[in-house]
Amino acid sequence: MTSTANRLTIRRPDDWHVHLRDGAVLAGVLPYTARQFARAIVMPNLSPPVTTVAAGAAYRERIMAALPAGMDFTPLMVAYLTDGTDPEEMARGKETGVFTGAKLYPAHATTGSAHGVTDVANIRKVLERMEQVGLPLLVHGEVTDAHVDIFDREAVFIDRVLAPLVRDLPGLRVVFEHITTAEAAQFVAESGPNVAATITPQHLHINRNAIFAGGIRPHMYCLPIAKREHHRLALRKAATSGSPKFFLGTDTAPHAVGAKEAACGCAGIFNAPYALESYAAVFEEEGALDKFEGFASLHGPAFYGLPVNEGTVTLEKAPCAVPEVIDANGTPIVPFHAGEELGWRFLG
Ligand code: NCD
Ligand code: ZN
């Protein structure tokens with residue numbers, strides 16, 4: 001890392017959690033991720049979900065076909081676990097290099113999770129096989145029990161599901177995705193080296209008040225939902241701590257404006273266009289710009305056992321105006337920080 005008064009240069013980063021969608025929207029959103037990141041872990045919650053090696057390979061081809069000429073980007077594919085997943089399919093996904101991880105969506109926890117796992121006991125054999133072959137488990141960590149308050153679903157998931165799973169399968173590498181609570185940050189920090197977490201820009205910037213500031217704000221709604229201020233502060237501390245257990249994963253989740261601004265609006269925040277600028281603001285505010293490269297470019301590859309990227313990217317300390325809406329190949333999408341001015345500008 002090199003930094004002068006107004007420039008910050010870091011090794012080229014990766015995004016360890018993105019939703020690239022498919023079809024026309026894929027072509028519209030992919031360049032934003034590919035511009036800033038060398039690689040990205042691509043979520044499999046398409047319709048239908050990416051449950052097989054063949055589907056993962058086909059989706060990877062569609063992503064590469066949608067990549068504008070001259071852009072250097074590698075999608076890292078993820079399998080979507082269901083109650084019926086065949087352990088051997090996951091072993092094949094690892095062997096063939098198609099899958100970099102497999103994702104546990106508790107059924108009905110979030111967008112595109114209807115085919116998810118209804119009880120982790122149902123995928124016990126799959127998890128054991130993943131532990132054996134070294135395929136990491138990526139976890140959406142929320143219980144789906146309607147009796148549990150939406151703001152408590154992550155903390156309850158740790159107690160009911162994640163802590164027992166990590167205890168029973170100590171050799172399984174687990175990424176606790178998009179953590180949103182002090183409890184999650186503490187759980188990860190206190191777990192062994194096989195447990196890590198990604199943190200999104202929105203959970204470092206906003207608390208739950210942002211969803212209701214002067215009226216309902218659908219563009220601040222994502223899952224897991226933003227929590228109280230003390231959780232945001234705990235996440236800031238974890239992200240900027242320098243601990244290799246925490247790394248960058250935007251959870252950029254584009255939805256058309258109309259699908260967000262609706263009587264039953266979709267969960268998901270489209271943060272890809274200004275992701276690095278958004279994270280840099282947090283690290284600067286925390287007086288931790290020296291920890292930014294580790295979070296963005298080093299801790300993720302180390303956890304996944306992948307080489308770090310060649311090359312660098314540079315951010316300049318200069319005003320960066322975020323538009324109100326972005327046209328993603330014909331689909332209007334409101335980006336995170338819409339209408340705001342950020343203090344860092346991505347130079348490439
Ligand atoms: C994601 C989506 O839209 O696919 N939404 C979100 O709020 N993060 C699903 C997910 O990752 O939970
Ligand atoms: Zn996600």
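Salt bridge absent: Arg173 and Glu131 never bring a charged side-chain N and a carboxylate O closer than 4.0 Å.
Ring pair Tyr279/Phe292 is tilted by interplanar angle, where 30° to 60° counts as tilted. Ring geometry for Phe247 against Phe303 counts as tilted: the plane angle lies between 30° and 60°, on a 0 to 90° scale. In this structure, Phe176 and Phe157 have tilted ring planes: the angle between them lies in the 30° to 60° band. Ring geometry for Phe295 against Phe283 counts as tilted: the plane angle lies between 30° and 60°, on a 0 to 90° scale. Aromatic ring orientation, Trp16 versus Tyr304: parallel (interplanar angle below 30°, classes split at 30° and 60°).
Between the side chain of Thr198 and the backbone N or O of Gly249, no donor-acceptor pair lies under 3.5 Å. Of the possible donor and acceptor atoms, one in the side chain of His203 sits under 3.5 Å from a partner among the backbone N and O of Pro224.
Nearest heavy atom pair, residue Pro31 against residue Leu26, reads CD-O, 4.4 Å. Considering all non-hydrogen atoms of both residues, Ala34 and Leu67 come closest at CB-CD1, 3.7 Å. Summarising the geometry of Cys266 relative to Lys260, their closest heavy-atom pair is O-NZ, 3.0 Å, with the distance given to 0.1 Å.
Just one of Asn45, Thr252, Thr33 meets the side chain to side chain donor-acceptor pair (under 3.5 Å) condition when paired with His19; it is Asn45.
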**Message:** Using side chain to side chain contact (heavy atoms under 4.5 Å, CB included), reason through Met220 and Arg208 one step at a time and then give a plain yes or no.
**Reply:** CA-CA 9 Å; Met220 296 298 183; Arg208 65 192 195 175; over 6 Å; no

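Phe73 has its ring centre no less than 6.0 Å from the ring centre of Phe37.
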